[in-house]
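The structure appears below as structure tokens.
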Amino acid sequence: MTVVWINGAFGAGKTTTARELIELIPNSALFDPEVIGGALTHLLPPKRLAEVGDFQDLPIWRRLVVDTAAAMLAELGGTLVVPMTLLRQEYRDEIFGGLAARRITVHHLLLAPAETILRERIAGRAIPPDLPDGEIRTRQWSYDHIEPYRAALASWLTADAHPVDTSDLTPYETAVRIADAVGSGAVPVCDIVQTPEPTAETLAAGVLLFDEHDRVLLVDPTYKPGWEFPGGVVERGEAPARAGMREVAEETGIRLQEVPRLLVVDWERPAPPGFGGLRLLFDGGRLEPGQASQVLLPGPELRAWRFATEEEAAAMLPPVRYERLRWALRARERGTALYLEAGVPLG
């Protein structure tokens, strides 16, 4: 199962190109994530919708895009062509990582006309006549997102996606180029972690590593939102502490010489679509200054790393992970281990 994701600025011609492309790629279908945004206007309270300026900022939108794409491919098979602007790398990583977790390969393409051409196309874009003030608002939305598009090009988008200069191409000619590039292998499959979705409760082990200021090492995974501790799921027949050591080596390049001490056992309750399970945190100790400066991110699973104070971690971690960290730090101070249920200590 394959997704051909057509990225680009608003007004770059993604949807028109996608309609041409499904005529060129055998056994393909069109999925426009805009329909998810439209559906959310009927599903979420107006107060929640008013809290965000863009549907993409809603976690439910990103989750439904992944789930809908996977469901369509399970029903239809073949290739799904998805025309959708993604300018925030963390959203790209979350969505593509979710697809990869379902063993769906993604080819990422970027329609990149010259900015003068892009502005001309936005100015000439057809606007639904029944939308009040539609022309002004829709065109202004596209113009307002040119600068974020420029920023994405300068930081990550150009290196991540296969660019197609559409300045002098019709939508059909663009579609032909994309079909040829995907079919010939010129557009590689996105290099992103493929972590299978759990089908039952899991046991996971994380390791806390500290610098000389007792700041804790956090990593930013590409396949889920929010920062995290180095660690991962314990494999069948593997000791949890050893699993944590293995994950630290794989994710950061740091090889711990001693088995880390247990700080926290936390039971994470099931929260669909997740199954929950036991989450263990271990104390990997304080890194030497030389070690701390040589942290590596060897694979595509992690986008970044940094050392953070407890206060900084509160703003970086999802609430459940922060509570786990908070109590792990208290356990470290006291030289003990704590049992938690959903982040709350018991006993």
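Please read all numbers here as calculations on a predicted model, not as lab measurements. Along the sequence shown, residues are numbered consecutively beginning with 1.
Arg332 places no side-chain N or O within 3.5 Å of a backbone atom of Leu263 that could act as its donor or acceptor partner. Side chain of Gln257 to main chain of Arg255: a donor-acceptor pair is present (N/O by atom type, distance under 3.5 Å, no hydrogens or angles). Of the possible donor and acceptor atoms, none in the side chain of His162 sits under 3.5 Å from a partner among the backbone N and O of Val187.
Following chains of ILVMFWY side-chain contacts shorter than 4.5 Å, one cannot reach Leu346 starting from Val320, and the two form parts of different hydrophobic clusters.
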Practice problem: Show your working on ring pair (Phe, Tyr, Trp, His ring centres under 6.0 Å) between His108 and Phe96 and close with a plain yes or no. | Solution: CA-CA 9 Å; His108 188 195; Phe96 287 13; 5.1 Å; yes
Self-check item: Check against side-chain hydrogen bond (donor to acceptor under 3.5 Å, both in side chains), Arg330 and Thr336
Solution: CA-CA 9 Å; Arg330 303 292 84 77; Thr336 187; over 6 Å; no
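Here CG of Asp214 is found 9.0 Å from CG of Leu329. Values are rounded to the nearest 0.5 Å. Atom CH2 of residue Trp327 and atom CZ of residue Arg334 lie 6.0 Å apart, to the nearest 0.5 angstrom. Atom CG of residue Asn7 and atom CG of residue Leu111 lie 8.0 Å apart, to the nearest 0.5 angstrom. Taken to the nearest 0.5 Å, the CG atom of Leu317 stands 10.5 Å off from the CD atom of Glu323.
We find that Glu312 and Arg215 are not joined by a salt bridge, their nearest charged nitrogen and carboxylate oxygen being 4.0 Å or further apart. The existence of a salt bridge linking Lys14 and Asp32 is excluded, since no basic side-chain nitrogen approaches an acidic carboxylate oxygen closer than 4.0 Å. A salt bridge between Glu238 and Arg242 is absent, with no side-chain N of the basic residue lying under 4.0 Å from a carboxylate O of the acidic one.
Annotation: side chain of Trp5 is not in contact with side chain of Arg92 (no heavy-atom distance under 4.5 Å).
Other residues, nucleotides and ligands contribute more than 12 heavy atoms inside 6.0 Å of the CD atom of Glu341. By the 6.0 Å contact criterion, OH on Tyr91 is enclosed, its count of non-hydrogen atoms from other residues, nucleotides or ligands being greater than 12.
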